[in-house]
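Report on one structure; see the data block that follows.
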Amino acid sequence: MVLEARSLSKSYGNKRAVEDVSLTAEPGDALGLLGPNGAGKSTTILMLVGLLEPDEGDVWLDGRSIRQDPRYFRQHIGLVPQRIALYERLTAEENLRFWGRVYGLTGKALAAQVEWCLELAGLTEHRRERVAHFSAGMQRRLNVAVGLVHRPKLLIMDEPTVGIDPQSRGHILDTVRRLNAEGMTVLYTSHYMEEVEYLCRRVAILDHGQVIAYGSIDDVRRLAGALSTVRLTLPEVPEDALAALRQNLTLRNVVADGNTVLFQTQEAGPAIARAVQVLADHGLHPARIDVDEPNLEAAFLHLTGRRLRDGGEEA
Amino acid sequence: MMVLGGILSGFLRGLVRNRSNLLWMVLLPLVFLLVFIGIPERSFHGTLVGVVDQDHTPVSGAIAQQLARLPDTRVQAVNAGDARHLLQTSQVTVILTLPPGMTQRALAGQPLRLGWDVAPDAGAASGADSSQLALDLRAWLTAGETAVRAATQQHTTAAGGPAAERLQQAFVQGMARAAATGTVLQPITRLTVSGQAQTTDISDAQRAVIGLGLMFIVFTVFGSTGHLLQLFASGSWDRLLASPTPRWLLITSYALCFFIVGWLQYAILYAGARWLIGVAVPLGAMQVLILTLFILAICGLALCVSTLVRSVELHMAAGSFIAVATSMLSGAYWPVDIEPGWMQHLAWFMPQSWALQGFRAAAAGLGFTSAVWLSVGVLAVFALAFFAAGVLRLSVSRTRI
Ligand SMILES: Nc1ncnc2c1ncn2[C@@H]1O[C@H](COP(=O)(O)OP(=O)(O)OP(=O)(O)O)[C@@H](O)[C@H]1O
Ligand SMILES: [Mg+2]
């Protein structure tokens, strides 16, 4: 199962949502699509599954173009939409049966797949309960399971863990990781870099509709160089203190995030000493200092000068 | 076909599990039936004739019976002493007094004088009815007298005089013939939207039931197509489109769901009318065809609207407006003829008008005639146009992220 997107572009009216995006997912691959809100992740995915026609570019699955053979895509791709695409008034089991039929399953195969999915979602005990009565985490788990009901070779997930408890999130991540280990190709969209780091071998970072970094997780991490990210927690972050920090050339990408100041640097020790000095001049004393080794978050910060997740916006 | 079955059963399950549907599809229509048709039907609106029979002969009895057989007319035997009081209190519309010796006079060929007292405050409508009654009565008596004269002549040319019973029989038969002629020559009163004259064989109560049925079909079909908007909003529609099931099959399956719900709604009203208030609406092949086309048209319209509005609430508001406004304009609540001219012309564009007209034409025993085919044809065009537009809109409508 090789998925290949070549130079996809899409505009909504005047707004360019996706621009010249090219991706490849090899068999058994786990590719992460990482980007902040509005980066164009969902738009890209809709084009990959044929729900949205690209303005330019094409998508290929096992050498078949989506324009010529959309049915092949539909049969072999499992889609987990960003929203809870379930029938609220039906039970977990009824939902799985419904979607199984829509995906062409019948009889014993259908029954077996429904059992498998219930198990996978950890909902076997709740099979006869209506989705409307489920917790957010249970709904998300079923939402993922429905995408798997026909055992697709390629699973495409659009932020499947938004707004749920850590337990359900862990459950989903472990399930997907296991399926990937068993050979299912996975394309995972998220704006949580920990999830992508946990699940994926390769990553494409999307910003403003463009791929700004693409490659193995390690390669992309290294894009930020050997930069560490330092976080200083302060009582408040006045603008002039921030400006003073930015004066210092060894502190790169200085940004404020609530009561925290972040910056990147080559050598954490001397940089922290210098920063604390500058802040003290403004009468500020850090309550806490954290140092992160190079990671995707750092890479994103390095590439865009912004944080991946803007403070309070996440669900 | 598995997909079709899956979608149908899923949809119907959701429908039944939604408690508010019980209210909207069952309770409310039945309450409407009872309040707007059942109760007025019980309080009688026609002409109530009090008959004071002082003659007590087969002839006087036959007059009362024949009156009772007229549509919208009820006859009540009344004592001469009570007559005045009943009239004054409007408990009867008119008092017919059949004086003693009346039959004798009739058989002897002498002119008849019957009492005819109309209630002072009989409304315009029942006043008109009672004068129509008086005309009918006069025609019957004349026919009876003519029959008696003919019988007398026959017998005088033969032997002796005919027995009084024979003459009475002749009078009664003569009246009956006149009454029968009266029903053959029913007045052609109502013009339909197509401008064709039509006899009104469908009762007001039946028309009201059909009107309610058509209105609730609009409500219900719109209510259930709101389901589509939920599918759009939840991303389920995307998920359906991303499946190997072809788009046309998905759309057809859902359209079939809405169509079934429309029929279900009509069945509920039909059964309610029949067993709750005792109004049986005809339901033959023609009516089934008309309803089918009507429901298809409404499904198509609702599909169109569902692709144009953004929220379930807006969709239902549009549906309610269409249901109420078109019902008013198309003569579901009252005959179109009492509306101003421009409104009557608007009725041309209402599927309801054509459905109602089809029902009336079919019920009038016009069978598969041009009046019926016209209604069917127009409904079919409506159904086809709305449906095509709805399906088209649905198949090009962008998925929303
Ligand atoms: N139907 C639409 N019409 C107009 N603009 C749209 C539409 N859908 C998305 N956009 C815009 O296109 C851009 C990309 O949106 P998209 O949903 O693909 O981003 P995303 O990365 O999935 O974001 P999120 O993390 O919030 O899901 C955004 O700026 C968004 O506002
Ligand atoms: Mg998205």
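Chain letters run A, B, ... following the sequence lines, proteins first, then strands; residues in each count from 1.
Contacts of A:L86 with chain B are made by both backbone and side-chain atoms, with heavy-atom separations under 4.5 Å. With a 4.5 angstrom heavy-atom cutoff, A:I84 touches chain B only via backbone atoms. Contacts between B:S253 and chain A at a heavy-atom distance below 4.5 Å are absent for every atom of the residue. With a threshold of 4.5 angstrom between heavy atoms, B:L240 approaches chain A through its backbone and through its side chain. Of the atoms belonging to A:Q75, heavy atoms from both backbone and side chain fall under 4.5 Å from chain B. At a 4.5 Å heavy-atom cutoff, the contact between A:Y103 and chain B is made by backbone and side-chain atoms alike.
With A:K41 contributing its side chain and A:L206 its backbone, the two residues share no donor-acceptor pair below 3.5 Å. Side-chain atoms of A:S65 do not come within 3.5 Å of backbone N or O of A:W60 as any donor-acceptor pair. Side-chain N or O atoms of B:R239 include one that pairs as donor or acceptor with a backbone N or O of A:A85 at under 3.5 Å. Judged by distance alone, the side chain of B:S353 and the main-chain N or O of B:M350 form a donor-acceptor pair under 3.5 Å.
At a threshold of 4.5 Å between non-hydrogen side-chain atoms, the residues B:Y254 and B:L303 do not count as touching. Side-chain contact check for B:L291 versus B:L214: some heavy-atom pair is nearer than 4.5 Å.
Under the 6.0 Å cut-off for aromatic ring centres, B:F294 and B:F382 do not qualify, their centroids lying 6.0 Å or more apart.
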Only distances under 3.5 Å count here; give the side-chain donor-acceptor pairs of residues 222-231 of chain B to other protein atoms, sequence neighbours excluded, each with its distance to 0.1 Å.
residue: B:S224; atom: OG; partner: B:T220; partner atom: O; Å: 3.0
residue: B:S224; atom: OG; partner: B:V221; partner atom: O; Å: 3.1
residue: B:T225; atom: OG1; partner: B:V221; partner atom: O; Å: 2.9
residue: B:T225; atom: OG1; partner: B:F222; partner atom: O; Å: 3.0
residue: B:T225; atom: OG1; partner: B:H315; partner atom: NE2; Å: 2.8

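Along residues 117-144 of chain A, the residues that come nearer than 4.5 angstrom to chain B, judged on non-hydrogen atoms, are A:R130, A:N143 in order of number.
Here A:R89 is the residue among A:E53, A:R89, A:E88 with the most heavy-atom pairs under 4.5 Å with chain B. Interface check for chain A: of the options B:L250, B:T245, B:V3, the most heavy-atom pairs under 4.5 Å are formed by B:T245.
When only modelled atom types and interatomic distance are considered, A:R16 and A:S11 share a side-chain donor-acceptor pair under 3.5 Å.
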